[in-house]
Amino acid sequence: MLPVLQSVINDLRKRDPMQYEFHQAVEEVWHAVNTFLEHNPRYCDQSLLESLVEPERIIIFRIPWVDDNGRLQVNRGYRVQMNSAIGPYKGGLRFHPSVNLSVLKFLAFEQTFKNALTTLPLGSAKGGADFDPKGKSDNEVRRFCQSMMNELYRHIGPTTDIPAGDIGVGAREIGYLYGQYRRLNNLVEQGVITGKGLAYGGSRMRTEATGYGLIYFIAEMLAHIGDGLKGKTVCISGSGNVAQYAAEKLLNEGAKVLSLSDSGGTLYVKDGLTREMLETIKQLKNEERGRLEQWAEQHNLTFYSDQRPWQIACDIALPCATQNELELDDAKALITNDCQLVAEGANMPCSNDAIIALQKHQVLYAPGKASNAGGVATSGLEMTQNRQGYFWPAEQVDAKLREIMQQIHADCLTYSPAIKGTVDYQCGANVAGFVKVADAMIAQGYL
Ligand code: NDP
Ligand code: 2IT
């Protein structure tokens with residue numbers, strides 16, 4: 001690695017020794033842009049690189065809320081405002097017990113390059129809380145969201161910082177957060193948050209966008225090598241927003257979905273998930289907030305407790321749950337089973353050694369900052385509609401989403417080094433995102 005890149009990583013490790021996920025995300029980007037920087041000394045500037053890894057601002061705050069037993073509980077809330085060189089801060093909120101500064105800094109860092117790839121003027125941020133929505137009543141979730149917004153509203157706005165959903169934050173939470181923001185400001189500013197319900201300023205297709213966008217992206221990858229999705233066997237991890245709509249689009253395209261998962265383990269459907277199964281899983285996850293294990297039992301289907309899906313033989317693997325859910329041993333199992341393509345629906349689901357192993361064995365690999373960018377891109381389209389005071393038809397949003405995913409694919413090709421005829425999507429995506437943000441920072445005096 002170039003000494004300047006190595007030196008920035010070393011400094012990060014020294015200053016924040018426990019932020020492993022953040023170090024991992026920076027290492028992944030530095031590894032991918034290294035060769036490009038060797039040939040483009042304009043970007044080998046230590047202060048530019050240091051500015052890229054240092055958030056513009058971090059807000060950490062107390063979130064007190066009263067549970068159903070009348071007890072006051074306290075969680076920690078965060079907003080990492082990472083980079084506004086190309087647009088207002090933009091990125092989701094995550095509610096999960098594992099949320100800490102390292103996780104949110106890695107997510108905000110990824111978001112910088114992802115948002116640059118969307119072709120839209122979006123800066124980067126990420127936030128959330130170490131709150132666990134599992135097992136909480138609807139009233140508890142509402143009180144928590146309202147209390148979180150009582151602090152967050154000071155720091156966000158339609159032209160400054162626009163949150164959205166992520167793990168544990170879906171339509172219900174976005175509604176409660178937006179409602180409290182509107183009340184505190186006494187102002188209807190719909191563009192302050194995305195992923196809203198259609199009745200109060202949401203965009204058609206935002207719910208579907210990340211999963212659908214992922215499938216549009218892999219369709220491009222396959223088309224590039226003269227192949228297609230029809231008849232492919234696909235393993236998906238996760239069973240939340242991204243996984244559900246990736247599965248739905250795959251069924252539309254004639255592929256066979258062999259698995260979904262949650263933190264309890266993996267559902268295996270040997271003959272492929274049916275539309276009816278998927279609809280009841282959506283109901284289970286989005287309304288009843290139930291577990292896949294019980295669902296599998298009720299439907300007499302195989303469930304591998306506490307296991308990931310990657311031992312199942314498949315043509316395509318789509319990790320759509322969380323970070324580091326596909327590690328070296330999982331990659332080896334996929335390689336042994338002749339998996340052809342791995343594309344990230346989640347953020348940083350593959351560990352760095354897993355990525356290296358996949359690429360070494362010519363498995364096509366798409367990093368999340370390219371392949372899952374459809375979600376935030378459609379959030380950008382939601383912001384545009386809010387500014388216009390108008391709603392576009394679903395077909396129009398869907399067509400724009402597809403066009404954006406095709407453009408991201410084309411940009412990956414532009415910046416992929418030509419080695420042995422295969423496309424290096426990791427290099428292509430990272431360099432394309434890096435160049436856009438770095439150019440904007442240089443033009444503005446780094447700030
Ligand atoms: P959801 O909360 O809707 O679903 C998350 C899914 O992942 C659930 O099935 C959950 O299982 C599982 N999961 C979460 N944490 C773990 C864990 N530690 N181990 C095993 N399984 C886990 O979130 P999303 O679908 O929105 O997000 C999934 C991923 O996609 C995340 O990495 C997110 O950052 C990324 N992403 C999301 C976008 C969006 O628009 N929503 C856009 C781009 C990326 P369980 O319920 O048991 O916890
Ligand atoms: O990781 C992501 O890109 C998201 N969770 C979506 C962010 C957004 O602002 O729509």
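Note that ligands are numbered from 1 as they come in the structure, with each ligand's atoms numbered from 1 the same way.
Electrostatic pairing of K196 and E382 counts as a salt bridge here, judged by a charged N lying under 4.0 Å from a carboxylate O. Taking a cutoff of 4.0 Å between a charged side-chain nitrogen and a carboxylate oxygen, R79 and E151 do not qualify as a salt bridge. Under a 4.0 Å N-O distance rule, the pair R308/E327 qualifies as a salt bridge. At a threshold of 4.0 Å, the pair R143-D68 counts as salt-bridged, since one of the basic side-chain nitrogens sits closer than that to a carboxylate oxygen.
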- [ ] Evaluate ring-ring contact (aromatic ring centres under 6.0 Å, His included) for F95 paired with F144, printing each intermediate quantity in order.
- [x] CA-CA 11 Å; F95 292 173; F144 177 81; 5.1 Å; yes

Task: R183 and N150: CA distance, side-chain angles, deciding distance, side chain to side chain donor-acceptor pair (under 3.5 Å) verdict - done: CA-CA 10 Å; R183 187 172 185 204; N150 285 347; over 6 Å; no

Open item on the list: For a side-chain contact (heavy atoms from CB on, under 4.5 Å) check, start with the C-alpha distance between S237 and W310, then their side-chain angles and the critical distance, and finish with the verdict.
Closed with: CA-CA 9 Å; S237 67; W310 318 126; 3.5 Å; yes

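The side-chain heavy atoms of E293 and S305, taken from C-beta on, include a pair separated by under 4.5 Å. At a threshold of 4.5 Å between non-hydrogen side-chain atoms, the residues L318 and I215 count as touching.
Within a 4.0 Å radius of atom 10 (C) of ligand 1, the protein contributes no non-hydrogen atoms.
Minimum heavy-atom separation, I86 to A440: CG2-CB, 3.5 Å. Between S203 and Q385 the shortest heavy-atom distance is OG-NE2, 2.9 Å. Shortest non-hydrogen contact noted between L177 and C145 is CD2-O, 3.4 Å.
For ligand 1, the atoms closer than 4.0 angstrom to any heavy atom of G238 are 9 (O). Atoms of ligand 1 found under 4.0 Å from any heavy atom of S261, numbered from 1 in the order shown, are 9 (O). Proximity to K134 (heavy-atom distance under 4.0 Å) selects the following atoms of ligand 1: 45 (P), 46 (O), 47 (O), 48 (O). Near C320, meaning under 4.0 Å from any of its heavy atoms, are these atoms of ligand 1: 28 (C), 29 (C). Applying the 4.0 Å criterion to heavy atoms of S239 picks out, from ligand 1, the atoms 9 (O). Contact atoms of ligand 1 toward H96: 15 (N) (distance under 4.0 Å to a heavy atom of the residue). Ligand 1 places these atoms under 4.0 Å from at least one heavy atom of I167: 2 (O), 23 (O), 27 (O), 31 (C).
Contact annotation for Q323 and ligand 1: no heavy atom of the residue comes within less than 4.0 Å of the ligand. Only the side chain of R94 comes within 4.0 Å of ligand 1, counting heavy atoms alone; its backbone N, CA, C and O stay farther away. Only the side chain of R206 comes within 4.0 Å of ligand 1, counting heavy atoms alone; its backbone N, CA, C and O stay farther away. Residue contacts with ligand 1 for N347 involve both N, CA, C or O and side-chain atoms from C-beta outward (heavy atoms, distance under 4.0 Å).
The protein non-hydrogen atom at the shortest distance from atom 19 (N) of ligand 1 is T322 CG2, 3.9 Å. Summary of contacts: the protein heavy atom closest to atom 4 (O) of ligand 1 is G240 CA, 3.3 Å. Of all protein heavy atoms, the one closest to atom 26 (O) of ligand 1 is N241 CB, 3.8 Å. Residue, atom and distance of the protein heavy atom nearest to atom 47 (O) of ligand 1 are S263 OG, 2.5 Å. At the shortest separation from atom 13 (N) of ligand 1 among protein heavy atoms lies A321 CB, 4.0 Å. The nearest protein atom to atom 2 (O) of ligand 1, hydrogens excluded, is given as G168 N, 3.0 Å; this is a heavy-atom distance.
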Quick one: table the atom pairs, ligand 2 N or O against protein N or O, below 3.5 Å, distance rounded to 0.1 Å.
| from | atom 1 | to | atom 2 | distance (Å) |
| --- | --- | --- | --- | --- |
| ligand 2 | 1 (O) | K114 | NZ | 3.0 |
| ligand 2 | 1 (O) | K126 | NZ | 3.0 |
| ligand 2 | 1 (O) | N347 | ND2 | 3.0 |
| ligand 2 | 3 (O) | Q111 | NE2 | 3.0 |
| ligand 2 | 3 (O) | K114 | NZ | 2.8 |
| ligand 2 | 5 (N) | K126 | NZ | 3.3 |
| ligand 2 | 5 (N) | G165 | O | 3.1 |
| ligand 2 | 5 (N) | D166 | OD1 | 3.0 |
| ligand 2 | 9 (O) | K90 | NZ | 2.6 |
| ligand 2 | 10 (O) | R206 | NH2 | 3.0 |
| ligand 2 | 10 (O) | S379 | OG | 2.6 |

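Within a 6.0 Å radius of CZ in R291, other residues, nucleotides and ligands contribute more than 12 heavy atoms. Within 6.0 Å of atom CZ in R289, more than 12 heavy atoms from other residues, nucleotides or ligands are found, so the atom counts as buried in its surroundings.
Taking the six-membered ring where the residue is Trp, F109 and F113 present perpendicular rings, their angle passing 60° and hence far from 30°. In this structure, Y20 and H23 have perpendicular ring planes: the angle between them is above 60°, well past the 30° mark.
Not a single heavy atom of A243 sits under 4.0 Å from any atom of ligand 1. Ligand 1 lies nowhere less than 4.0 angstrom from a heavy atom belonging to E325. For G345, the heavy-atom gap to ligand 1 drops under 4.0 angstrom.
In this structure, T233 OG1 and N337 CG are separated by 10.0 Å, a value rounded to the nearest 0.5 Å.
Screening residues 80-95 for salt bridge (Lys or Arg N to Asp or Glu O under 4.0 Å), with sequence neighbours left out, gives R94-D166.
Inclusion of K126 in the set of residues having an N or O under 3.5 Å from an N or O of ligand 1 is not warranted. Geometrically, ligand 1 and T210 share a nitrogen or oxygen pair separated by less than 3.5 Å. In terms of polar-atom proximity, D166 is counted as a contact of ligand 1, with an N or O under 3.5 Å from an N or O of the ligand. Taking distance alone, with nitrogen or oxygen atoms compared against 3.5 Å, V242 approaches ligand 1 more closely than that limit.
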